[in-house]
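Sequence positions, counted from 1, serve as the residue numbers for this chain.
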Amino acid sequence: TTDLDQRPAAKRMRASLMRYIESDSCAPSASVDPAAIRGLFRDPSVMERLGARPVGPISAQPGFPASHAIDGDPSTMWHSSWGDPDAAHPHAFAFALSAPTEITGIAYLPRQSGGENGMIGRYEVQTSLDGEAWRTVAAGSFRPGPDEQRVQFSEPTLARFVRLRSLNAVNGSRFAAIAELRVLLP
């Protein structure tokens with residue numbers, strides 16, 4: 001099933017491509033792997049669908065902006081500044097959703113390259129409706145390693161803002177890094 005009926009521009013583009021492919025004018029000179037083509041037309045991530053955007057003061061190393069942590073691409077990452085000797089834990093990474101949303105937790109994907117540098121150890125998850133008054137809804141420790149880890153809240157929470165606070169790194173470094181961070185929905 002697709003949602004092309006809700007996306008008229010995508011529906012027209014697909015129809016146009018299909019007409020071209022079926023025509024005598026289509027004479028490709030190179031082959032393209034079907035997986036590469038599917039990758040171009042991926043469904044938007046949950047964070048894209050919810051209009052997520054980074055907010056607040058977020059320490060970031062040039063080339064590793066906060067937007068990389070919610071871009072749906074695990075090969076990119078946000079990394080706290082390593083050039084600033086005063087940038088140490090706790091680090092806070094906050095994002096806003098376009099509207100208040102009931103969430104049941106978060107999924108954290110650590111950096112996928114570079115070993116454990118910046119992998120979050122102890123953490124707090126906080127939510128807010130206005131970006132001013134924050135409530136801690138979960139706390140704990142992430143395991144070392146590159147696998148995605150989920151944090152389930154004790155109860156669903158209505159939030160427009162979500163903040164992950166890194167209290168330390170699994171290897172004791174003063175950095176924090178996130179390949180992907182997303183909310184979990186009921």
*asked:* Applying a strict under-4.5 Å side-chain criterion to I, L, V, M, F, W and Y, I'd like to know whether M119 and L164 cluster together.
replied: yes
Correct closest heavy-atom pair for R174 and S81 would be NH1-O, 4.3 Å
Smallest heavy-atom separation, I70 atom then P54 atom, equals CD1-CD, 3.6 Å
Value for CD (Q126) from CD (E124), rounded to nearest 0.5 Å, stands at 5.5 Å
Quick one, Q152 and T104 - any side-chain contact, counting heavy atoms below 4.5 Å? yes
Looking only at heavy atoms, the pair that brings I120 and A176 closest together is CG1-CB, 4.4 Å
Tightest non-hydrogen contact, residues V183 and V46, listed as O-CG1, 4.0 Å
The ring pair (Phe, Tyr, Trp, His ring centres under 6.0 Å) partners of F161 (sequence neighbours excluded) come to none
**Prompt:** Has the side chain of S59 got a donor or acceptor atom that lies under 3.5 Å from a matching backbone atom of A87?
**Reply:** no
So OG of S166 and OH of Y108: to nearest 0.5 Å the spacing works out to 7.0 Å
Dump the intermediate steps for side-chain contact (heavy atoms from CB on, under 4.5 Å) on R182 and L184, then the final yes or no. CA-CA 7 Å; R182 63 186 171 87; L184 302 176; 3.5 Å; yes
Full working for side-chain contact (heavy atoms from CB on, under 4.5 Å) between W82 and F64: CA-CA 11 Å; W82 63 71; F64 299 92; 3.4 Å; yes
Output for pair (S141 OG, N168 CG), nearest 0.5 Å, gives 7.0 Å
Item to check | side-chain contact (heavy atoms from CB on, under 4.5 Å) between L185 and I103, worked out | outcome: CA-CA 5 Å; L185 302 175; I103 59 176; 4.0 Å; yes
Closest non-hydrogen contact found for A60 with P65 is CB-CA, 4.3 Å
Contacts of F95 meeting ring pair (Phe, Tyr, Trp, His ring centres under 6.0 Å) (sequence neighbours excluded), chain-then-number -> none
Could you give me the CA-CA distance, side-chain angles and deciding distance for I178 and H68, then say whether side-chain contact (heavy atoms from CB on, under 4.5 Å) is met?
CA-CA 8 Å; I178 301 171; H68 282 182; over 6 Å; no
With heavy-atom distances below 4.5 Å as the criterion, would you say the side chains of I106 and F153 are in contact?
yes
Here the gap from I21 atom CD1 to C26 atom SG, rounded to the nearest 0.5 Å, amounts to 6.0 Å
Rounding to 0.5 Å, atoms CE (M13) and CE (M18) come to a distance of 13.5 Å
Can you find a pair of side-chain heavy atoms, one from P110 and one from P146, that are under 4.5 Å apart?
no
* Asked: Does the side chain of H79 reach to within under 4.5 Å of the side chain of F175, using non-hydrogen atoms?
  -> yes
So, do R111 and W78 sit near enough that their side-chain heavy atoms are less than 4.5 Å apart? no
H89 meets the ring pair (Phe, Tyr, Trp, His ring centres under 6.0 Å) criterion, sequence neighbours left out, with H91
Between the CZ atom in R163 and the CZ atom in F93, the distance rounded to the nearest 0.5 Å is 12.5 Å
Margin query: Would the distance check show the side chain of E22 and the main-chain N or O of R19 forming a donor-acceptor pair, the cut-off being under 3.5 Å?
Written below: no
side-chain hydrogen bond (donor to acceptor under 3.5 Å, both in side chains) filter on T101, not counting sequence neighbours, yields none
| So do the side chains of S25 and Y20 get within less than 4.5 Å of each other, counting heavy atoms only? | yes
By side-chain hydrogen bond (donor to acceptor under 3.5 Å, both in side chains), R7 pairs with (sequence neighbours left out) D3
Shortest non-hydrogen pair, Q112 vs A179, comes out as CG-CB, 4.3 Å
Would you confirm whether T136, through its side chain, and A138, through its main-chain N or O, come within 3.5 Å as a donor-acceptor pair? no
message: Side-chain heavy atoms nearer than 4.5 Å, only ILVMFWY residues, links allowed to pass through others: does that put L181 and V170 together?
response: yes
Check your understanding: Is there a side-chain contact between V151 and Q149 (heavy atoms, below 4.5 Å)?
Key -> no
Residue pairs meeting salt bridge (charged side-chain N to carboxylate O under 4.0 Å, His left out), one or both in residues 149-162, sequence neighbours left out, come to E148-R150
- Query: Do R135 and T157 come close enough that some side-chain heavy atom pair is under 4.5 Å?
  - Reply: yes
> With hydrophobic residues grouped by side-chain heavy-atom distances under 4.5 Å, do V125 and F142 end up in a single group?
Replying inline: yes
